[in-house]
Structure formats: C-alpha cells, structure tokens
Novice: 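Quick one: the structure is below, and I'll ask about it shortly.
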Amino acid sequence: MTVFQQIIDKKLPCKLVFENDRFIVFHDIAPKAPIHLLIVPKKPIKNLSYVSPEDCEMLGEVFLIAKQVAEEFGIEEDFRLLSNCGERAGQEIFHLHFHLVGGKILGPIC
Ligand code: AMP
C-alpha cells in the first residue's frame, strides 16, 4: 500500500488543505518551493499511464481544485501543476498525484 493510500485511509497524518469524496490535497512533506501541495485522487491509479476514459470526468476536477487552492494560497497567477509519470520521470510514489508548486520564481522543468 502506498503512503498516499495510507493518508487517504487516515492511517498516516498529513497537513490537510482540502478534501472531498474524490480528492485529498495536502502539503508535500519535503517542499521544493514555498508552496508545494499534492493533489491526490482517492481512486488508486498508478500514474497517468493508467488513466482510463472513465476517469476523465473525475480528473477534470484536478484543474478546478488546483485553481481554487492556488487562490487560497494567493498564487493563482503564477503556479505550476505537474505529475511525474514513471520512475525515470521522477515518480517515487505510485499513486497518481499532481504537484502544485509556487510562491517563488520557478525555473525550467528539465
Ligand atoms: P513523486 O516523486 O512525483 O512521486 O512525488 C512524491 C512526493 O511525495 C515527493 O515530493 C515527496 O516529498 C512527497 N511525500 C512523500 N511522503 C509524503 C508524506 N508522508 N506526506 C506528504 N508528502 C510526501
């Protein structure tokens, strides 16, 4: 079971930002920017390579949540939303998630 599944199941604590039936949003434990949040669908999908057509409506909500949370943190004009897909792309936790980072000038991704 992944760390994120344990957070979803309330077996591990997190610094919670937002939660509904489909998503949980919390602070990254090792932030790479002043604001570094993780938007995690509760459905256990390994990564973007495992998304199915039936997930698309649910995943569309990621953009609304990102916008809403970015507004709460005052970074709605300048933030980055990204998902690492696969080990060689830097994925460490194999439960689909989206990094929302901001609060400083962000450099190039690669
Ligand atoms: P990724 O490399 O895209 O799989 O991202 C995994 C992220 O999860 C990393 O930025 C970690 O710092 C973060 N992380 C790992 N464990 C925890 C945890 N218990 N609570 C919050 N964030 C975590």
Side-chain angles (χ1 to χ4, degrees):
M1 184 185 281
T2 67
V3 166
F4 292 169
Q5 190 62 55
Q6 291 176 67
I7 289 174
I8 291 164
D9 295 341
K10 313 292 181 204
K11 290 177 181 152
L12 264 187
C14 71
K15 277 176 73 182
L16 186 68
V17 171
F18 170 86
E19 184 168 18
N20 67 13
D21 289 347
R22 296 165 297 286
F23 288 90
I24 186 164
V25 182
F26 50 88
H27 289 265
D28 195 292
I29 205 165
K32 316 295 185 301
I35 296 157
H36 185 170
L37 308 175
L38 298 170
I39 301 175
V40 183
K42 290 186 175 177
K43 181 172 177 182
I45 300 170
K46 188 175 172 186
N47 61 35
L48 285 175
S49 283
Y50 291 81
V51 167
S52 333
E54 79 229 27
D55 299 321
C56 287
E57 191 181 336
M58 178 272 287
L59 289 175
E61 197 179 347
V62 169
F63 298 106
L64 290 175
I65 292 172
K67 179 186 147 184
Q68 176 190 313
V69 169
E71 276 168 5
E72 274 171 36
F73 282 81
I75 58 166
E76 69 275 12
E77 296 297 331
D78 305 280
F79 67 89
R80 180 174 290 160
L81 181 67
L82 66 86
S83 186
N84 296 321
C85 177
E87 212 170 321
R88 286 188 295 157
Q91 186 176 9
E92 290 172 358
I93 299 193
F94 288 86
H95 181 124
L96 179 63
H97 56 280
F98 299 84
H99 296 256
L100 174 61
V101 290
K104 69 171 188 179
I105 295 174
L106 299 169
I109 294 176
C110 300

Novice: Take E92 and V3 through the test side chain to side chain contact (heavy atoms under 4.5 Å, CB included) and record every step on the way to the result.
Specialist: CA-CA 10 Å; E92 290 172 358; V3 166; over 6 Å; no

Novice: Measure the NE2-CG distance between H36 and L38 for me, rounded to the nearest 0.5 Å.
Specialist: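 CG of L38 is found 5.0 Å from NE2 of H36.
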
Novice: Under 4.5 Å between any side-chain heavy atoms of L59 and V51, yes or no?
Specialist: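 Yes; the side chains approach each other to less than 4.5 Å.
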
Novice: Write down the atom of G103, the atom of I75, and the distance for their closest heavy-atom approach.
Specialist: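 That closest heavy-atom pairing would be N-CG2, 3.8 Å.
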
Novice: Do the non-hydrogen side-chain atoms of F98 and L48 ever get within less than 4.5 Å of each other?
Specialist: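 Sidechains of L48 and F98: in contact.
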
Novice: Could you check whether any side-chain heavy atom of L64 comes within less than 4.5 Å of a side-chain heavy atom of Q68, counting everything from C-beta outward?
Specialist: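 Of all side-chain heavy-atom pairs linking Q68 with L64, none is under 4.5 Å.
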
Novice: So among V17, L81, D28, which one has a side chain to side chain contact (heavy atoms under 4.5 Å, CB included) with L37?
Specialist: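 The single option meeting the side chain to side chain contact (heavy atoms under 4.5 Å, CB included) with L37 is V17.
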
Novice: Could you walk me through whether F73 and H27 pass ring-ring contact (aromatic ring centres under 6.0 Å, His included), step by step?
Specialist: CA-CA 12 Å; F73 282 81; H27 289 265; 5.7 Å; yes

Novice: Taking the side chain as C-beta and beyond, is there a heavy-atom pair between V40 and I7 under 4.5 Å?
Specialist: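 The answer is no; the side chains never approach within 4.5 Å.
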
Novice: What is the distance from atom CD of Q5 to atom CZ of F94, rounded to the nearest 0.5 Å?
Specialist: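 Taking CD in Q5 and CZ in F94, the distance rounds to 15.5 Å.
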
Novice: Check the pair I39 / V69 against side chain to side chain contact (heavy atoms under 4.5 Å, CB included), numbers first and verdict last.
Specialist: CA-CA 10 Å; I39 301 175; V69 169; 5.7 Å; no

Novice: Taking the side chain as C-beta and beyond, is there a heavy-atom pair between F4 and L96 under 4.5 Å?
Specialist: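 No, their side chains stay 4.5 Å or more apart.
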
Novice: I'd like to know whether the aromatic ring centres of H97 and H99 sit less than 6.0 Å apart in this structure.
Specialist: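 Here the rings of H99 and H97 have centres that are less than 6.0 Å from each other.
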
Novice: Looking only at non-hydrogen atoms, find the nearest pair between G102 and L106 and report the distance.
Specialist: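 It is CA-CD1, 4.4 Å.
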
Novice: Are V62 and L82 in one and the same hydrophobic cluster, where Ile, Leu, Val, Met, Phe, Trp and Tyr link if side-chain heavy atoms are under 4.5 Å apart?
Specialist: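 Different hydrophobic clusters.
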
Novice: Please answer whether the main-chain N or O of K46 pairs with a side-chain N or O of Q91 as donor and acceptor at a distance below 3.5 Å.
Specialist: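 Checked: pair present.
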
Novice: So if you build clusters from Ile, Leu, Val, Met, Phe, Trp, Tyr with side-chain heavy-atom gaps below 4.5 Å, do F79 and F63 land together?
Specialist: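 Yes, same cluster.
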
Novice: Of all heavy-atom pairs between G86 and N47, which one has the smallest distance, and what is that distance?
Specialist: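 What the structure gives for the nearest pair is N-ND2, 3.6 Å.
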
Novice: With rounding to the nearest 0.5 Å, note down the distance linking CZ in R22 to NZ in K43.
Specialist: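 Going from the CZ atom of R22 to the NZ atom of K43 covers 13.0 Å.
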
Novice: Shortest non-hydrogen contact from D21 to K42?
Specialist: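 In terms of heavy atoms, the two residues are closest at O-CD, 3.4 Å.
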
Novice: Take a 6.0 Å sphere around CZ of F18 and say whether it holds more than 12 heavy atoms from other residues, nucleotides or ligands.
Specialist: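 Counting neighbours around CZ of F18, more than 12 heavy atoms of other residues, nucleotides or ligands fall under 6.0 Å, so yes.
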
Novice: Does any part of the side chain of M58, heavy atoms only, come nearer than 4.5 Å to the side chain of I45, both counted from C-beta?
Specialist: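 Touching, per the 4.5 Å side-chain cut-off.
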
Novice: How many angstroms lie between atom NZ of K67 and atom CD of E72, to the nearest 0.5 angstrom?
Specialist: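 Nearest 0.5 Å value for the NZ-CD distance: 12.5 Å.
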
Novice: CZ of F26 to CD of E19: how many Å apart, nearest 0.5 Å?
Specialist: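 Atom-to-atom, F26:CZ and E19:CD are 10.0 Å apart.
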
Novice: Got a sec: does the NZ of K10 have more than 12 other heavy atoms crowding it under 6.0 Å?
Specialist: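 Enclosed.
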
Novice: Are Y50 and D55 side-chain neighbours, meaning at least one heavy-atom pair lies under 4.5 Å?
Specialist: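 With C-beta onward as the side chain, the pair stays apart.
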
Novice: Given I35 and L100, is the side chain to side chain contact (heavy atoms under 4.5 Å, CB included) satisfied, shown in steps?
Specialist: CA-CA 8 Å; I35 296 157; L100 174 61; 5.7 Å; no

Novice: Can you tell me how far apart CZ (R80) and NZ (K32) are? Round to the nearest 0.5 Å.
Specialist: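 Answer rounded to 0.5 Å: 13.5 Å.
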
Novice: Using every non-hydrogen atom in the two residues, find where C85 and S49 come nearest and quote the distance to one decimal.
Specialist: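 So the two residues come closest at SG-OG, 3.4 Å.
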
